[in-house]
Amino acid sequence: QREEKQLEASVDSLISLVAHVKNALQNFIYKLENEYERLTWPSVLDNFGLLSGQLNTINKMLKNEKTPSFRSQVIIPLLLSQKPDDDLTVLTEQRVPVFSHEIVPDYLRTKPDPEVEEQEKQLSTEATRIGPDVAQKQIQALNKMCSNLLEKLNNPREDRDAESA
């Protein structure tokens, strides 16, 4: 009984936090689509900072020892239907009109797609195959290229400043 109340309170809190993230994302997308002429880089960074802070809050809440583990919870679809469900459509804001046997595996998936899993496996084996010495050389080469690029980008600015003076 007590665990159910804790779980329900955690879910309610999570829903509230996710709603805040959703509103912030909607506002940011609106600004990007409609106010892009007046949008400045600092305001874009502020929006990213806001979203990052909200996601960190959700992460802290999920890692909190008082929050029950959602990993042990099982979701079982009780009703599958081929017909559009108006309540589901409203609840998901027109994203999911039907909860059918075709989409349930995608929405209730707990593991990545097999293709993604295979790509991840290939990348990790490739990463382990590269030795520390080779990795360090690649890092140094990349850092050198970035430094050269930054130098080329900064030099014209210095030349323009000298000409204008």
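These figures come from a predicted structure and were not determined experimentally.
The two residues P97 and R95 have their closest heavy-atom pair at CD-O, 3.7 Å. Residues L80 and P77 approach most closely at CD2-CB, 3.9 Å, considering heavy atoms. Heavy atoms only, all atoms of each residue included: T57 and L17 are closest at CG2-CD2, 4.0 Å. Closest approach of S10 and T67 over heavy atoms only: OG-CG2, 3.8 Å. Heavy-atom minimum distance, P84 versus V98: CA-CG2, 3.6 Å. The minimum heavy-atom distance between P114 and R109, with the atom names listed, is CD-NH1, 4.4 Å.
More than 12 heavy atoms of other shown residues, nucleotides or ligands fall within 6.0 angstrom of atom CG in L45. Summarising the local packing, CD of E8 is surrounded by 12 or fewer heavy atoms from other residues, nucleotides or ligands at distances under 6.0 Å. Other residues, nucleotides and ligands contribute over 12 non-hydrogen atoms within 6.0 Å of the CD atom of E118. The local environment of CD in Q26 is crowded, with over 12 non-hydrogen atoms from other residues, nucleotides or ligands closer than 6.0 Å.
Hydrophobic cluster membership is shared by L62 and I15, with clusters built from Ile, Leu, Val, Met, Phe, Trp and Tyr side chains linked at under 4.5 angstrom. In the hydrophobic cluster analysis, where Ile, Leu, Val, Met, Phe, Trp and Tyr join through side-chain heavy atoms closer than 4.5 angstrom, L153 is grouped apart from L142. Hydrophobic clustering, with ILVMFWY side chains joined whenever heavy atoms are under 4.5 angstrom apart, keeps V96 apart from V18. Neither I29 nor L51 shares a network with the other; the hydrophobic side chains, linked directly or stepwise wherever heavy atoms of I, L, V, M, F, W or Y lie under 4.5 Å apart, form separate groups for each.
Evaluation of the side chain to side chain donor-acceptor pair (under 3.5 Å) test over residues 34-43, restricted to residues two or more places apart or in two chains, returns T40-S43.
The side-chain heavy atoms of N47 and L25, taken from C-beta on, include no pair separated by under 4.5 Å. Side-chain contact check for E151 versus S147: every heavy-atom pair is 4.5 Å or farther apart. Counting only heavy atoms from C-beta outward, the side chains of M61 and S13 approach each other to under 4.5 Å. Counting only heavy atoms from C-beta outward, the side chains of L7 and Q73 approach each other to under 4.5 Å. Counting heavy atoms from C-beta on, the side chains of V11 and F70 come closer than 4.5 Å. Looking at V21 and I58, their side chains come closer than 4.5 Å, going by heavy atoms from C-beta outward. The shortest side-chain heavy-atom distance between V116 and D113 falls under the 4.5 Å cut-off. By the 4.5 Å heavy-atom criterion applied to side chains, Q54 and L50 are counted as neighbours.
Distance CD/Q136 to CD/Q138: 10.5 Å, rounded to 0.5 Å. Rounded to the nearest 0.5 angstrom, D86 CG and L91 CG are separated by 12.0 Å. In this structure, CG in L55 is found 8.5 Å from CG in N59, a value given to the nearest 0.5 Å. The line from NE2 of H20 to NZ of K22 is 12.0 Å long, rounded to the nearest 0.5 Å. Interatomic distance, NZ of K66 versus CD of Q6, reported as 9.5 Å (0.5 Å rounding). For the atom pair CG of L79 and CG of L88, the computed distance is 10.0 Å after rounding to the nearest 0.5 Å.
Listed for the N27 side chain is a donor-acceptor partner under 3.5 Å among the backbone atoms of N23. No donor-acceptor pair under 3.5 Å is formed between the side chain of S16 and the backbone N or O of D12. Judged by distance alone, the side chain of T128 and the main-chain N or O of S124 form a donor-acceptor pair under 3.5 Å.
Between F99 and Y107, the gap from one ring centroid to the other reaches at least 6.0 Å.
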